[in-house]
Amino acid sequence: MLIRSKVIVTLLWLLSVGMAWGQAGATLAEEYYKAGEFEKAANEYTKLLKTEVTWTKLSRYVYSLQKSNKAEEANKYLRKQQRSDEANRAYYELLIGQTATQQGDTTLAKTQYTAALQSSKSTVAKLEKIATAFNEAGETRWAIRALESARELGKDPTAYSEDLMGLYRATGQTEKTIEEIITTSKQAEKKETVLAALQGFINTKDEPIVEKALYTRIQQEPNELAYNELLIWYFVQKQKFSRALLQEKATDKRLKLNGSRVYELGMLAMNNKEYKVAAESFEYVTVTYPQGQLYPFARRLVINAREEQVKNTYPVDKGEIRKLISDYQRMLQEIGTNVKTLEALRSTANLYGNYLDSKDTALTVLDLAIDLGKTDKNFVDRCKLDKGDIYLLKGEPWESTLLYSQVEKSQKEELLGYEAKLKNAKLHYYKGSFAVAKDLLDVLKLATSREIANDAEQLSLLIIDNTGMDSTEAAMREYASIDLLLFQNKTDEAVAALNGMLKKYAEHTIVDEVLWLRANTFMKQGKNNEALEDLKKIVASYPYDILGDDAMFTQGKIFEDRLKDKQAAMDAYQKVLTQYPGSIYGAEARKRFRMLRGDTVN
């Protein structure tokens with residue numbers, strides 16, 4: 001027993017020594033190879049190949065011999081091993097073919113590559129190894145053949161899809177590349193890889209291939225959700241929300257998804273201001289799944305989307321506003337007033353107060369909403385801010401400031417608190433208390449919300465630029481009072497007052513601000529050409545004042561969103577980028593310009 005134990009220990013020691021030598025030998029061979037000392041490298045690889053044959057060792061050994069002017073020795077070695085080493089025959093055939101390629105003998109090369117592929121077809125593992133070897137040898141098309149054979153042998157039509165995606169692209173096989181990208185999409189964990197790869201074909205001459213391939217694959221495998229997701233993603237990238245909706249509806253009906261994906265598309269369309277598609281999406285959910293969990297939310301959102309559509313069409317149609325209120329009321333009667341529908345009450349109140357001049361009705365509805373939602377502090381505070389706005393519309397600023405201050409105290413260091421503080425600052429500004437307003441605005445410049453901080457910065461600059469020039473600050477007070485008229489939706493009175501200011505203060509620094517306010521008022525009235533005229537005056541007469549980039553960017557938006565003049569919009573956005581390189585509108589102008597030009601925008 002003792003003798004046997006000694007034998008085992010000795011064998012283990014010899015094995016460990018052998019492994020250590022093998023690792024050391026491999027490292028030494030690699031060092032010589034990388035240093036360009038090929039003769040020494042060849043000697044080391046000779047030793048290593050006696051214990052184990054791998055593609056790396058073998059290919060480097062042959063290359064080292066060739067670089068040591070021993071090409072004939074390398075050829076003899078390969079021919080000999082090809083006959084005697086059955087297990088690694090494919091490697092030797094590949095290397096013989098590679099040598100033939102180097103010598104310009106394409107016929108022999110093809111024969112040997114074919115032989116290498118044939119020698120590997122007995123197992124999937126061998127085909128995978130020879131594919132790797134072909135790829136490392138720079139024979140990409142033969143690597144593709146090996147993987148295609150492995151896929152066929154393994155009877156898995158999705159195997160190696162990501163590898164083949166890269167290989168097809170490297171060899172310029174666009175259609176096959178796109179096919180493999182689509183195939184790879186079935187692997188959920190590869191989603192980001194797939195989207196990044198497919199993005200490279202959008203807005204190129206090959207883009208039609210993408211859409212065609214997706215439709216074909218969906219017809220072949222209608223129950224494969226990944227393909228539908230890709231097609232919908234493609235439509236969204238192209239801003240084709242209506243086509244995305246058609247596809248989502250078809251997918252929903254076929255796979256019985258309870259409207260969840262259509263609902264998500266509706267939310268995406270809302271965020272992209274595609275209100276018509278958003279409304280259609282939510283309406284589909286309400287009609288198709290009246291008993292579903294999403295119904296109460298979709299029921300409110302379909303009206304909300306239509307509301308946004310109406311409010312963003314100038315001039316606002318009061319008849320459409322009344323229809324929206326009726327829709328909200330019918331919804332509340334149908335579903336009842338509860339936590340899921342409280343926002344509908346807020347919307348109804350704001351429509352009454354802001355668009356129909358029914359301020360008392362608006363306050364009554366808001367009081368009802370506060371009573372029903374009293375357990376939700378944030379909701380109650382939002383309603384209080386709404387009430388403050390309605391009282392300001394009524395010309396009762398003291399009631400407004402009381403409500404704003406309540407929310408400030410309730411929501412300290414929260415977004416709603418900052419919003420309330422901004423409303424209080426504007427209230428002081430409207431009243432002509434510019435010093436108090438500026439103190440509040442200076443605090444708000446540090447607000448966590450970029451939007452609130454920007455609003456505070458702009459109003460603060462307006463006050464600084466236009467006060468202190470005369471003892472009465474008359475022009476600024478007059479301007480602030482007109483701003484209040486606009487808040488109260490008294491646009492005709494505001495325009496008349498602005499016209500008077502332009503005559504009265506023709507030489508005052510406030511002129512560009514007056515033009516800017518009048519341009520925005522014209523926009524509210526749907527007078528796009530008049531608005532453009534004022535914006536052009538600002539750019540022409542005050543190009544480097546604070547409103548120069550605002551005026552140029554707003555021109556672009558009018559051309560793009562209202563007049564549908566693509567070229568004029570692109571020209572305006574390009575001027576924002578070139579004439580105002582430091583503008584806060586730079587990123588948005590670049591994005592809009594690229595979308596209009598047809599670029600891919602992430």
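- Minimum heavy-atom separation, A589 to L577: CB-CD2, 4.3 Å.
- Side-chain polar atoms of Y430 and D483 form no donor-acceptor pair below 3.5 angstrom.
- For CD of Q329, the number of neighbouring non-hydrogen atoms (other residues, nucleotides, ligands) closer than 6.0 Å is greater than 12.
- Side-chain contact, D549 with Q579: no donor N or O sits under 3.5 Å from an acceptor N or O.
- Side-chain N/O atoms of Q458 and N454 include no donor and acceptor closer than 3.5 Å.
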Original post:
What's the verdict on salt bridge (charged side-chain N to carboxylate O under 4.0 Å, His left out) for K238 and E211, showing C-alpha distance, side-chain angles and the deciding distance?
Top reply: CA-CA 11 Å; K238 299 299 294 179; E211 188 172 343; over 6 Å; no
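- Side-chain polar atoms of D465 and T509 form no donor-acceptor pair below 3.5 angstrom.
- Note on ring orientation: taking the six-membered ring where Trp is involved, the planes of Y284 and Y289 are perpendicular (angle over 60°, cut-offs 30° and 60°).
- Inspection of the Y404 and D389 side chains reveals an N or O donor paired with an N or O acceptor under 3.5 Å.
- Contact check on E307 versus K311 returns a salt bridge, with a Lys/Arg side-chain nitrogen under 4.0 Å from an Asp/Glu carboxylate oxygen.
- Taking the six-membered ring for Trp and the full ring otherwise, F553 and Y573 have centroids separated by under 6.0 Å.
- Using a 4.0 Å cut-off between charged side-chain N and carboxylate O, E343 and R346 make a salt bridge.
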**OP:** Starting from the C-alpha separation in whole Å, work towards a yes-or-no answer on side-chain hydrogen bond (donor to acceptor under 3.5 Å, both in side chains) for N378 and Q411.
**Re:** CA-CA 8 Å; N378 288 338; Q411 298 277 345; 2.9 Å; yes
**OP:** Quick one: do K249 and E280 satisfy salt bridge (charged side-chain N to carboxylate O under 4.0 Å, His left out)? Show the steps, please.
**Re:** CA-CA 11 Å; K249 285 180 180 178; E280 289 173 4; 5.4 Å; no
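- Taken from CZ in F434 to CE in M476, the straight-line distance is 5.0 Å, to the nearest 0.5 Å.
- To the nearest 0.5 angstrom, N258 atom CG is 7.5 Å from D252 atom CG.
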Could you list the donor-acceptor pairs under 3.5 angstrom formed between side-chain atoms of residues 526-537 and any protein atom two or more places apart in sequence or on another chain?
| unit_1 | atom_1 | unit_2 | atom_2 | d |
| --- | --- | --- | --- | --- |
| N528 | OD1 | R562 | NH1 | 2.9 |
| D534 | OD1 | R518 | NH2 | 2.9 |
| D534 | OD2 | R518 | NE | 2.8 |

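- Between the side chains of N228 and R254, a donor-acceptor pair is found at a separation under 3.5 Å.
- Of the inter-residue distances, the one linking E274 atom CD with E308 atom CD reads 13.5 Å to the nearest 0.5 angstrom.
- A distance of 10.5 Å separates CD of E207 from CD of Q237, quoted to the nearest 0.5 Å.
- The local environment of NZ in K191 is sparse, with at most 12 non-hydrogen atoms from other residues, nucleotides or ligands closer than 6.0 Å.
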Original post:
Stepwise, does the salt bridge (charged side-chain N to carboxylate O under 4.0 Å, His left out) test hold for R306 with E320?
Top reply: CA-CA 9 Å; R306 287 177 184 149; E320 290 297 323; over 6 Å; no
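- Atom CZ of residue R300 and atom OG1 of residue T286 lie 13.5 Å apart, to the nearest 0.5 angstrom.
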Original post:
salt bridge (charged side-chain N to carboxylate O under 4.0 Å, His left out) between K504 and E478: does it pass, once the steps are laid out?
Top reply: CA-CA 11 Å; K504 187 176 179 180; E478 201 168 326; 3.3 Å; yes
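- For the atom pair D545 CG and I538 CD1, the distance stands at 10.0 Å (nearest 0.5 Å).
- Heavy atoms from other residues, nucleotides or ligands lying under 6.0 Å from CD of E451 number 12 at most.
- Side-chain contact, E413 with Y418: a donor N or O sits under 3.5 Å from an acceptor N or O.
- With respect to E419 and R382, no salt bridge is recorded, no charged nitrogen being found less than 4.0 Å from a carboxylate O.
- More than 12 heavy atoms of other residues, nucleotides or ligands shown are found within 6.0 angstrom of CD on E189.
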